[in-house]
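Here's the structure we're looking at; comments come further down.
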Amino acid sequence: MDRKVKGYTLIEVAVVIAIISILMGLSIRYLINQRNEARLREAVNSVVQYLEETRRMSSSRDFMLGLEFRNGSNQIIRFRVDNNCANRNNIETFNLPEGVVSNKDTLIIFDRVGYPRNAICGLGMDRIVLHSQPLNKSKTICINRYGRIRVLEGEECPQGF
């Protein structure tokens with residue numbers, strides 16, 4: 001008697017499940033990295049927008065406005081400064097996306113012309129470093145002495161920017 005059994009063996013099913021599990025594990029890791037990269041891009045775009053907006057608002061007012069970034073924090077503080085840089089009044093606070101923090105203490109004040117100043121109202125060309133903790137990747141927003149903004153990979157701005 002020849003009896004042919006139709007169906008799959010237990011080993012064949014186990015192999016297929018193992019292959020599907022490996023592929024799902026790889027795809028989930030890829031999707032998590034993509035989500036974290038998107039958060040870093042969103043944070044950089046938001047900071048550039050806040051900088052441009054603060055610069056524009058400062059040039060249309062009788063007082064200067066600035067942004068403060070604290071090392072290890074995901075908050076950005078917009079503040080008002082009088083003309084001699086002595087008094088600071090916080091206006092509003094922005095939050096960066098989850099997992100993205102500032103990697104450097106930075107204080108940037110824009111004068112009425114739109115030029116960046118530092119905490120003592122000297123020339124304020126500086127950089128803002130945003131770091132994605134899950135990715136261990138950084139992006140730098142460079143601001144030159146004329147207020148031009150440029151985004152770069154890593155943590156350094158080019159000489160003379």
Side-chain angles (χ1 to χ4, degrees), residues 21 23-161:
S21 299
L23 291 174
M24 283 181 56
L26 292 174
S27 64
I28 288 173
R29 185 175 179 175
Y30 174 78
L31 290 173
I32 289 171
N33 283 343
Q34 289 298 315
R35 181 194 66 192
N36 291 331
E37 284 186 23
R39 285 181 178 170
L40 182 58
R41 274 193 309 274
E42 176 189 351
V44 167
N45 291 338
S46 296
V47 168
V48 169
Q49 178 185 346
Y50 298 146
L51 286 166
E52 291 290 344
E53 184 179 298
T54 302
R55 181 178 177 202
R56 192 173 45 253
M57 288 169 56
S58 194
S59 64
S60 66
R61 304 241 163 80
D62 291 335
F63 50 85
M64 297 186 287
L65 292 171
L67 293 174
E68 178 182 7
F69 302 84
R70 292 186 182 144
N71 186 14
S73 172
N74 71 336
Q75 289 189 333
I76 305 167
I77 300 169
R78 182 180 286 158
F79 57 90
R80 174 185 169 166
V81 181
D82 60 10
N83 288 333
N84 62 5
C85 287
N87 297 326
R88 261 184 45 190
N89 298 319
N90 292 350
I91 298 175
E92 56 190 323
T93 302
F94 306 104
N95 289 322
L96 295 172
E98 181 182 338
V100 179
V101 296
S102 176
N103 220 18
K104 179 181 176 281
D105 286 331
T106 309
L107 187 81
I108 297 174
I109 301 168
F110 289 100
D111 62 14
R112 289 189 45 103
V113 181
Y115 292 161
R117 302 287 178 195
N118 59 20
I120 57 171
C121 283
L123 286 179
M125 54 240 172
D126 207 343
R127 63 189 166 96
I128 300 161
V129 180
L130 297 180
H131 183 74
S132 174
Q133 293 172 329
L135 284 175
N136 199 19
K137 185 177 180 182
S138 295
K139 289 203 177 201
T140 301
I141 301 167
C142 302
I143 303 165
N144 74 0
R145 62 182 173 184
Y146 302 112
R148 291 190 197 115
I149 299 168
R150 184 173 170 188
V151 178
L152 301 170
E153 295 287 329
E155 295 192 15
E156 293 299 321
C157 293
Q159 195 72 359
F161 175 74

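Values below: every heavy atom of this structure, side chains too, minus hydrogens, waters and symmetry copies.
To the nearest 0.5 angstrom, R41 atom CZ is 7.0 Å from K139 atom NZ. The distance from atom CD1 of I143 to atom CD1 of I141, rounded to the nearest 0.5 Å, is 7.5 Å. To the nearest 0.5 angstrom, M125 atom CE is 10.0 Å from R117 atom CZ. Here the straight-line distance linking atom CZ of R148 with atom SG of C142 works out to 13.5 Å at 0.5 Å rounding. Between E52 atom CD and F110 atom CZ the span is 7.5 Å, to the nearest 0.5 Å. Atoms CD and CG, from Q34 and N36 in turn, are 9.5 Å apart once rounded to the nearest 0.5 Å.
A 4.5 Å side-chain heavy-atom check between I77 and T93 finds at least one atom pair inside the cut-off. Between K104 and D126, the closest side-chain pair of non-hydrogen atoms falls below 4.5 Å. Looking at F69 and I76, their side chains come closer than 4.5 Å, going by heavy atoms from C-beta outward. Side chains of N136 and H131 form a contact here, defined as non-hydrogen atoms less than 4.5 Å apart.
Side chain of S73 to main chain of S102: no donor-acceptor pair is present (N/O by atom type, distance under 3.5 Å, no hydrogens or angles). Side-chain N or O atoms of R55 include one that pairs as donor or acceptor with a backbone N or O of G147 at under 3.5 Å. S132 places no side-chain N or O within donor-acceptor distance of the main-chain N or O of K137, the cut-off being under 3.5 Å. Looking only at distances, a side-chain donor or acceptor of D105 sits under 3.5 Å from a matching main-chain atom of N71.
Screening N90, N87, I91 for a side chain to side chain contact (heavy atoms under 4.5 Å, CB included) with R80, the sole residue that qualifies is I91. Residue I128 forms a side chain to side chain contact (heavy atoms under 4.5 Å, CB included) with just one option from V44, L67, T106, V48, and that option is T106.
Ring geometry for Y146 against Y115 counts as perpendicular: the plane angle is over 60°, on a 0 to 90° scale with 30° as the lower cut.
Across all non-hydrogen atoms, the minimal contact from P134 to G99 is CD-O, 3.5 Å. A pairwise comparison of heavy atoms in I108 and F79 identifies O-CZ, 4.3 Å as the closest pair. Residues L130 and V100 approach most closely at CB-CG1, 4.2 Å, considering heavy atoms. In terms of heavy atoms, C157 sits closest to T140 at SG-CG2, 3.8 Å. Counting all heavy atoms, side chain and backbone alike, R61 lies closest to M57 at CG-O, 2.9 Å.
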ask   = Given the rule in the side chain to side chain contact (heavy atoms under 4.5 Å, CB included) test, do V47 and F94 qualify, once you have shown the distances and angles that lead to the verdict?
value = CA-CA 9 Å; V47 168; F94 306 104; over 6 Å; no

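Within 6.0 Å of CD in E98 there are 12 or fewer heavy atoms belonging to other residues, nucleotides or ligands.
Counted by atom type alone, R78 and T54 present one or more donor-acceptor pairs between their side chains at under 3.5 Å.
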